[in-house]
J.: 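Starting off with a structure, shown below.
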Amino acid sequence: MITTFTVMVGLFLSALTSATLLPGTSEAALAALVASGDHAVWGLVAVATAGNVLGSTVNWALGLYVDRFKNRRWFPVSPDALDQASHWFGKYGLWSLLLAWLPVIGDPLTLLAGVMRVRFVPFLILVTIGKAARYALIAGGATWIASIISN
């Protein structure tokens, strides 16, 4: 039998990798765990949020050092593309971090926050709000669907 601790660690790691440039499936894992009814929903949402925010923090930290490598041949983004993305972030500002939960743009957005030297505390607050809201909605949806299926 799988322990609650093991489940929570697995969900945390899935959420962490989902927030980095590595692929992850934290939304599906959370929905399945909520639907199983074997664990406290608030705990699952908290663990998924913590893992995902930590992954975004890794991106932010990497962004602090991107400038050192942007002119290297092996660097995956051209200096022009990085400058254009930085300009976009400067235009839309700090509040765009509330969208860090979005697929495709969320991970680069957190990296850009590091490039733009966004202070850590505002970064952490905004990213946490967005990611917690997403996981709460997923958990709510999974609970609702599970209740329909069980009736």
J.: Without swapping roles, check the side chain of Trp60 against the backbone of Val118 for a donor-acceptor pair under 3.5 Å.
T.: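 Answer holds: yes.
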J.: Can you name the nearest heavy-atom pair linking Ser56 to Ala19, along with the distance?
T.: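 The pair with the smallest heavy-atom distance is N-CB, 3.6 Å.
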J.: Do you know the tightest heavy-atom contact between Tyr65 and Phe69?
T.: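 Tyr65 and Phe69 have their closest heavy atoms at O-CD1, 3.5 Å.
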J.: Strictly distance-based, threshold 3.5 Å: is any side-chain N or O of Ser14 a donor or acceptor partner for the main-chain N or O of Gly10?
T.: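 It does not hold such a pair.
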J.: Nearest 0.5 angstrom please: Trp101 CH2 to Leu137 CG, how far?
T.: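 So the gap between those two atoms works out to 8.0 Å.
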J.: Mind checking the OG1-CG spacing from Thr6 to Leu11? Nearest 0.5 Å is all I need.
T.: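 Here the rounded value is 12.5 Å.
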J.: Determine whether Ile148 and Ile145 fall in the same hydrophobic cluster, where Ile, Leu, Val, Met, Phe, Trp and Tyr are linked whenever their side-chain heavy atoms lie under 4.5 Å apart.
T.: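 Yes: a chain of side-chain contacts under 4.5 Å links Ile148 to Ile145.
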J.: Take Thr20 and Asn59 through the test side-chain contact (heavy atoms from CB on, under 4.5 Å) and record every step on the way to the result.
T.: CA-CA 6 Å; Thr20 64; Asn59 292 343; 4.1 Å; yes
J.: Rounded to the nearest 0.5 Å, what separation is found between the OH atom of Tyr135 and the CG atom of Asn52?
T.: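 Going from the OH atom of Tyr135 to the CG atom of Asn52 covers 3.5 Å.
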J.: Check for me, please, whether Val121 and Phe89 land in the same ILVMFWY cluster - side-chain distances under 4.5 Å, paths through other members count.
T.: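 Same hydrophobic cluster.
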J.: Working note: Val34 + His39, criterion side-chain contact (heavy atoms from CB on, under 4.5 Å); need CA distance, chi angles, decisive distance, verdict.
T.: CA-CA 7 Å; Val34 167; His39 309 282; over 6 Å; no
J.: Flag yes if Val53 and Trp95 sit in one hydrophobic cluster, no otherwise; membership is Ile, Leu, Val, Met, Phe, Trp, Tyr, and two members link when side-chain heavy atoms are under 4.5 Å apart.
T.: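 Per the 4.5 Å side-chain linkage, Val53 and Trp95 are co-clustered.
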J.: Nearest 0.5 Å, please: how far is CD1 in Ile129 from OG1 in Thr49?
T.: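 Atom-to-atom, Thr49:OG1 and Ile129:CD1 are 11.5 Å apart.
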J.: Which heavy atom in Ser18 sits nearest to a heavy atom in Asp107, and how many Å separate them?
T.: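 Closest heavy-atom pair between Ser18 and Asp107: O-OD2, 3.7 Å.
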J.: I need the Thr17 OG1 to Phe12 CZ distance, nearest 0.5 Å.
T.: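 The CZ atom of Phe12 is 10.5 Å from OG1 of Thr17, to the nearest 0.5 Å.
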J.: Indicate the atoms forming the closest heavy-atom contact of Ala48 with Ala15, along with that distance.
T.: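 That closest heavy-atom pairing would be O-CB, 3.2 Å.
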J.: To check you understand the geometry: which heavy-atom pair defines the closest contact between Ala139 and Leu30, and what is its length?
T.: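 It is N-CD2, 4.4 Å.
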J.: Would you say that more than 12 heavy atoms from the other residues, nucleotides or ligands in this model lie under 6.0 Å from the CH2 of Trp144, or not?
T.: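 Result for CH2/Trp144: open.
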J.: Taking a hydrophobic cluster as the set of Ile, Leu, Val, Met, Phe, Trp and Tyr residues connected by side-chain heavy atoms closer than 4.5 Å, whether directly or through intermediates, do Phe5 and Leu16 fall within one such cluster?
T.: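 As far as the 4.5 Å side-chain criterion goes, Leu16 and Phe5 are connected within one cluster.
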J.: Quick one: pull up OG1 in Thr110 and NZ in Lys131 and give me the separation to the nearest 0.5 Å.
T.: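 So the OG1 of Thr110 and the NZ of Lys131 are separated by 6.5 Å.
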J.: Considering all heavy atoms of both residues, which atom of Val127 and which atom of Ala100 are nearest to each other, and what is their separation?
T.: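 Val127 and Ala100 have their closest heavy atoms at CG2-CB, 4.1 Å.
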